[in-house]
Amino acid sequence: MESEKILEIINIGMKYHTLKAESTAISGLNFNVYKEEFITIVGPSGCGKSTILSLISGLIKPSEGNVNISISDSEKYIQKVGYMLQKDYLFEWRTIEQNVLLGLELKHALTEESKSYALELTKKYGLGEFLQHYPSQLSGGMRQKAALIRTLAVKPQILLLDEPFSALDYQTRINISEEILNIIKNEKKTAVLVSHDISEAVSLSDRVIIFSSRPSKVKKIINIDFGQDKLSLHEKRNHKNFNNYFDTVWSELVD
Ligand code: ADP
Ligand code: MG
């Protein structure tokens with residue numbers, strides 16, 4: 001793994017205002033993400049995990065602190081950050097091809113070049129024969145993959161994934177999360193995943209960042225190392241180190 005810092009979360013504070021009150025969701029949050037790392041954020045429900053992804057994407061601005069994204073000039077992106085959610089947000093009346101090209105259309109970046117890149121990805125990752133199908137004709141896992149390819153089509157350097165597998169059944173979840181991890185590694189992307197599934201966090205990530213309950217900050221960061229590259233998720237789940245990592249994350253979350 002290269003150690004070029006690509007994302008810095010510096011002293012972030014986030015307050016939400018409602019008509020009656022002000023509430024602090026995040027306070028004094030700091031962490032870094034390095035190029036081509038796969039990070040998973042875990043933490044109690046409502047602690048601000050989705051909020052931090054929205055802050056990184058620039059959809060909302062922090063009340064305090066900064067989000068720094070540094071991307072070298074040589075890297076071509078249409079959109080710095082790509083966002084993928086639990087629901088795939090595919091449009092049912094558009095074909096898979098039309099869905100995959102949607103991000104490029106919205107960015108006014110649909111050219112011969114960007115289109116052929118998007119279609120290449122679709123073929124490379126096994127959706128080529130479904131381009132003229134509609135989302136309802138695809139399984140849940142394949143729909144998520146189409147959503148990922150739509151996100152990758154705008155060549156983001158950082159991918160944000162907010163519980164993208166949690167609506168899928170267990171077996172599909174394992175298969176598709178493995179495929180998605182491989183695609184992200186293959187395409188050399190940096191990824192920040194939010195998950196409430198400890199096994200998923202441990203088996204997918206290079207590091208797991210545990211948030212405290214709100215106002216949340218980083219409680220602990222755990223480096224995951226199985227001593228070998230390219231283990232399958234199944235092999236990681238059966239690895240002797242797996243239970244230790246699981247227990248460490250678990251005990252940080254309950255205490
Ligand atoms: P998580 O994803 O970890 O479950 P969120 O980031 O969605 O948590 O929310 C963190 C906290 O901020 C929660 O207490 C939630 O109620 C509050 N919150 C989130 N979005 C808003 C909003 N738009 N207005 C007011 N409060 C919000
Ligand atoms: Mg959330």
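As the structure lists them, so they are numbered: ligands from 1, and atoms in each ligand from 1.
Shown here for Glu163 and His196, the closest heavy-atom pair between the two residues is OE1-ND1, 2.5 Å. Here the closest non-hydrogen pair linking Thr248 and Ser251 is O-OG, 3.2 Å. Counting all heavy atoms, side chain and backbone alike, Leu168 lies closest to Arg173 at O-NH1, 3.9 Å.
Not one N, O or S atom of Ser45 sits under 2.8 Å from the Mg ion (ligand 2).
Nearest protein neighbour of atom 12 (O) of ligand 1, counting heavy atoms only, is Tyr16 CE1, 3.3 Å. Nearest non-hydrogen protein atom to atom 7 (O) of ligand 1 is Ser50 CB, 3.8 Å. Among protein heavy atoms, atom 8 (O) of ligand 1 sits closest to Gly48 N, 3.2 Å.
Numbered from 1 in the order shown, with element, the atoms of ligand 1 that lie under 4.0 Å from a heavy atom of Thr51 read 5 (P), 6 (O), 9 (O), 10 (C). Under a 4.0 Å criterion applied to the non-hydrogen atoms of Arg214, ligand 1 contributes the atoms 11 (C), 13 (C), 14 (O).
Selection from Ser213, Ser45, Gly46, Cys47 by nearest heavy atom to atom 11 (C) of ligand 1 gives Gly46.
Using bins of under 30°, 30° to 60° and over 60° for the plane-to-plane angle, the ring pair Tyr245/Phe226 lands in the perpendicular bin. Aromatic ring pairs are classed by plane angle as parallel below 30°, tilted from 30° to 60° and perpendicular above 60°; the pair Phe246 and Phe242 is tilted.
For Ser23, no nitrogen or oxygen atom sits less than 3.5 Å from a nitrogen or oxygen atom of ligand 1, counting backbone and side chain alike.
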Please lay out, stage by stage, how Asp206 and Lys185 fare under the test salt bridge (charged side-chain N to carboxylate O under 4.0 Å, His left out).
CA-CA 11 Å; Asp206 300 308; Lys185 290 285 178 196; 3.0 Å; yes

